[in-house]
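Everything on this sheet refers to the single structure shown next.
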Amino acid sequence: MITIISGTNRKDAATHIFAQYYFELMKNITEEEVQYLSLEMVSSTALHNAMYSADHQDNTVTHLQDQFIIPATKIVILSPEYNGSYPGIVKLFIDACSIREYKKSFSGKKIGLIGIASGRAGNLRGLDHLSDIFQHMGSTIYPNKLPISSIGGILNEDKKIEHEGSQKALEAHARGFLAF
């Protein structure tokens with residue numbers, strides 16, 4: 001199973017558009033099961049001091065981990081650039097999932113990374129930070145990290161991806177990740 005994660009909990013973020021596009025693309029090019037997880041699904045009440053105890057984790061985190069993370073063999077994270085890196089919700093979610101079933105959550109999984117940014121670098125620094133974390137946890141990183149930059153010029157007024165170069169880059173990433 002492949003899990004596609006929209007790595008922000010910000011409502012109406014452009015990352016969700018790219019993540020949903022990638023999810024639909026994956027569903028069309030593979031017969032593997034593909035699931036979509038938006039970190040908007042993680043309630044703010046789920047992330048608190050008690051999350052660092054497996055016995056006191058919020059049921060939301062446990063459910064999301066059991067449905068989207070543990071059964072996945074491959075995970076693709078689309079992460080916006082927040083302050084030169086990735087959003088805090090991504091780190092908190094990774095931390096929460098690493099408390100209960102640490103090895104089953106990320107060890108041995110294949111991870112694909114896509115950066116989303118309004119600036120020029122496509123969140124390359126954030127993708128490197130995520131790579132370091134996942135490698136530390138025993139994951140294997142797909143070497144073709146895809147930075148998508150200047151997203152203002154990629155989305156049309158209807159918030160659709162019509163930029164042919166970006167569509168081709170996303171498809172090439174998806175096909176390469178499937179073969180990885």
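These numbers come from the heavy atoms of this one structure, side chains and all, not from hydrogens, waters or symmetry mates.
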Apply salt bridge (charged side-chain N to carboxylate O under 4.0 Å, His left out) to Asp66 and Lys104, showing your working. CA-CA 10 Å; Asp66 288 346; Lys104 289 182 182 178; over 6 Å; no

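- Summarising the geometry, atom CD1 belonging to Ile161 is positioned 7.0 Å from atom OG belonging to Ser166; distances are rounded to the nearest 0.5 Å.
- Residues Ile116 and Asn123 are not in side-chain contact: their nearest non-hydrogen atoms beyond the backbone lie 4.5 Å or more apart.
- Side-chain contact check for His16 and Gln20: no donor-acceptor pair (N or O, by modelled atom type) lies under 3.5 Å.
- Side chains of Glu101 and Gln65: a donor-acceptor N/O pair is absent below 3.5 angstrom, by distance only.
- Taking every heavy atom of both residues into account, Ser149 and Gly119 meet most closely at CB-O, 3.0 Å.
- Residues Leu178 and Met26 have side chains in contact (heavy-atom distance under 4.5 Å, counting atoms from C-beta outward).
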Are Ile5 and Ile69 close enough, and set up right, to give a side chain to side chain contact (heavy atoms under 4.5 Å, CB included), and what steps lead you there? CA-CA 10 Å; Ile5 299 176; Ile69 304 302; 4.0 Å; yes

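- The residues Glu24 and Lys27 are annotated as salt-bridged, a charged nitrogen and a carboxylate oxygen being separated by less than 4.0 angstrom.
- The closest side-chain heavy-atom distance from Phe177 to Val76 is below 4.5 Å.
- In terms of heavy atoms, Gly122 sits closest to Ala117 at CA-CB, 3.7 Å.
- Residue Asn28 places its CG atom among more than 12 non-hydrogen atoms of other residues, nucleotides or ligands, all under 6.0 Å distant.
- Residues Val42 and Asn9 have side chains not in contact (no heavy-atom distance under 4.5 Å, counting atoms from C-beta outward).
- Within the 4.5 Å cutoff, side-chain heavy atoms of Phe68 are placed close to those of Met41.
- Of the inter-residue distances, the one linking Lys168 atom NZ with Leu170 atom CG reads 13.0 Å to the nearest 0.5 angstrom.
- Under the 4.5 Å side-chain heavy-atom criterion for ILVMFWY residues, a single connected hydrophobic cluster contains both Ile141 and Val90.
- Paired with Leu39 under the rule side-chain contact (heavy atoms from CB on, under 4.5 Å), one option of Thr8, Ile89, Thr15 passes, and it is Ile89.
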Decide ring pair (Phe, Tyr, Trp, His ring centres under 6.0 Å) for Tyr22 and His173; before the verdict, give the C-alpha distance in whole Å, the side-chain angles of both, and the deciding distance to 0.1 Å. CA-CA 9 Å; Tyr22 194 88; His173 184 279; 5.6 Å; yes

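- Enclosure of atom CZ in Arg125 is not indicated, since only 12 or fewer non-hydrogen atoms of other residues, nucleotides or ligands lie within 6.0 angstrom.
- Between Gln35 atom CD and Leu64 atom CG the span is 10.5 Å, to the nearest 0.5 Å.
- Note that OG of Ser79 and CG of Leu127 are 6.5 Å apart. Values are rounded to the nearest 0.5 Å.
- Expressed to the nearest 0.5 Å, how far CG of Leu113 lies from CG of Leu130 amounts to 5.5 Å.
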Apply side chain to side chain contact (heavy atoms under 4.5 Å, CB included) to the pair Leu155 and Phe18, showing each step before the final yes or no. CA-CA 9 Å; Leu155 299 174; Phe18 286 91; 4.0 Å; yes

Checking Glu171 against Leu25 for the side chain to side chain contact (heavy atoms under 4.5 Å, CB included) test, could you report, in this order, the C-alpha distance in whole Å, the side-chain angles of both residues, the deciding distance, and whether it holds? CA-CA 7 Å; Glu171 182 173 351; Leu25 177 64; 4.0 Å; yes

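- Rounded to the nearest 0.5 Å, atoms CD1 (Ile154) and CD (Glu164) are 13.0 Å apart.
- Side-chain contact between Ile94 and Met137 is present, with at least one heavy-atom pair separated by less than 4.5 Å.
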Side chain to side chain contact (heavy atoms under 4.5 Å, CB included) between Ile77 and Ile75: does it pass, once the steps are laid out? CA-CA 6 Å; Ile77 300 173; Ile75 299 170; 4.0 Å; yes

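- Looking at Lys74, its side chain never comes within 3.5 Å of a backbone N or O of Met1 through a donor-acceptor pair.
- Looking only at side-chain heavy atoms (C-beta outward), Val34 and Thr3 stay at 4.5 Å or farther from each other.
- The minimum heavy-atom distance between Gly7 and Pro87, with the atom names listed, is O-CG, 3.1 Å.
- Proximity of Ser105 to Ser98: side-chain heavy atoms (C-beta onward) are nowhere separated by under 4.5 Å.
- For residues 151-161, every residue pair satisfying the side chain to side chain donor-acceptor pair (under 3.5 Å) rule, not counting sequence neighbours, is listed here: Asn156-Glu162.
- Annotation for Ser85 and His129: closest pair OG-ND1, 2.6 Å, computed over non-hydrogen atoms.
- Under the 4.5 Å side-chain contact rule for hydrophobic residues, Leu37 and Val61 share a cluster.
- Applying the side chain to side chain donor-acceptor pair (under 3.5 Å) test to residues at least two apart or on different chains, the pairs with a partner in residues 130-144 are Ser131-Lys145.
- Sorted by first then second residue, the ring-ring contact (aromatic ring centres under 6.0 Å, His included) pairs that include residues 78-127, not counting sequence neighbours, are Phe106-Phe134.
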